[in-house]
Amino acid sequence: MPESSPRYPASLPVGIVVNGAAVRLEVDARESLLDVLRERLALTGTKKGCDHGQCGACTVHLDGRRVLSCLTLAVQADGRSVTTIEGVAGPGGELHPLQQAFVDHDALQCGFCTPGQVMAGLACIDEGHAGDDDQVREYLSGNLCRCGAYPGIVAAVRAVADRREAG
Ligand code: FES
Ligand code: FES
């Protein structure tokens, strides 16, 4: 931690609701939400790919909207609600329908991008941007997959969106 100065305190208190649980901690004013989630809260499901806003591996939801946690300061989450991939499954550990759809549609290989893809996919469906394959490709274009599992990812998101629309 850097030394304090009157203008720039070394650490700031924040209160964040993470996956439904209230968390209070002191963060460096420059600390990213990604680093706080992974290094301070041991929520390592959210991945650090590029750390520069270019890969989508760090996607989480902030007050229900997707954000890149590597480009979000932890202090920006103060008083807000964060959902990570660890908060997506049911209380008994049962997979969320989108997680199950990723399994069913073979939408992953190494799995490194998968948490970010699932978080972005959930948002894509909630935003109403999963109406057809092209739309899903466009609205998930910020989430890269080095393994090229894109056809399965699109199919999984479309399957859940279709089910939601039907039911
Ligand atoms: Fe955040 Fe790549 S780690 S976009
Ligand atoms: Fe390997 Fe997407 S499954 S990077």
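Whatever order the structure lists them in is the order used to number ligands and atoms, beginning at 1. Computed from a predicted model, the values in this text were never measured in an experiment.
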Trainee: Just jot down the ligand 2 atoms closer than 4.0 angstrom to any heavy atom of R146, in number order.
Mentor: 4 (S)
Trainee: Could you pull out the closest heavy-atom pair between Q117 and L144, with the gap in Å?
Mentor: NE2-O, 3.5 Å
Trainee: Between D126 and R65, is there a side-chain N and carboxylate O pair less than 4.0 Å apart?
Mentor: no
Trainee: Does the shortest distance from atom 2 (Fe) of ligand 1 to an N/O/S atom of C70 fall below 2.8 Å?
Mentor: no
Trainee: Which ligand 1 atoms are under 4.0 Å away from a heavy-atom of C55?
Mentor: 2 (Fe), 3 (S), 4 (S)
Trainee: If you round to 10 degrees, what value do you get for the angle at atom 1 (Fe) of ligand 2 between C110 atom SG and C147 atom SG?
Mentor: 100°
Trainee: With distance as the sole test, does R40 use its side chain to make a donor-acceptor pair with the main-chain N or O of E26 at under 3.5 Å?
Mentor: yes
Trainee: Could you tell me which atoms of ligand 1, counted from 1 in the order shown, lie closer than 4.0 angstrom to a heavy atom of G53?
Mentor: 4 (S)
Trainee: Closer than 4.0 Å to some heavy atom of C50 - which atoms of ligand 1 meet that?
Mentor: 2 (Fe), 3 (S), 4 (S)
Trainee: Taking all non-hydrogen atoms of both residues into account, name the closest pair between H105 and A155 and its distance.
Mentor: ND1-CB, 3.6 Å
Trainee: Within this structure, what is the CG-CD1 distance for the pair N143 and I153, rounded to the nearest 0.5 Å?
Mentor: 8.0 Å
Trainee: Quick check on contacts: which atoms of ligand 1 are under 4.0 angstrom from a heavy atom of D51?
Mentor: 2 (Fe), 3 (S)
Trainee: Which atoms of ligand 1 sit under 4.0 Å from any heavy atom of G49?
Mentor: 3 (S)
Trainee: Check whether any side-chain heavy atom of M119 lies under 4.5 Å from a side-chain heavy atom of H61, and answer yes or no.
Mentor: yes
Trainee: Is C145 close enough that one of its N/O/S atoms sits under 2.8 Å from atom 2 (Fe) of ligand 2?
Mentor: yes
Trainee: Check each atom of ligand 1 against the heavy atoms of C58 and keep those under 4.0 Å away; list them by number with element.
Mentor: 1 (Fe), 3 (S), 4 (S)
Trainee: What is the minimum heavy-atom distance between L41 and L25, and which atoms define it?
Mentor: CD2-CD1, 4.4 Å
Trainee: I'd like to check which ligand 2 atoms, numbered from 1 as shown, lie under 4.0 Å from a non-hydrogen atom of G111.
Mentor: 1 (Fe), 3 (S)
Trainee: For C113, counting its heavy atoms only, list the atoms of ligand 2 lying under 4.0 Å from any of them.
Mentor: 2 (Fe), 3 (S), 4 (S)
Trainee: So does R163 have more than 12 non-hydrogen atoms from other groups sitting under 6.0 Å from CZ?
Mentor: yes
Trainee: For E39, I'd like to know if atom CD has over 12 heavy atoms of other residues, nucleotides or ligands within 6.0 Å.
Mentor: yes
Trainee: By number and element, which atoms of ligand 2 are closer than 4.0 Å to a non-hydrogen atom of Q109?
Mentor: 3 (S)
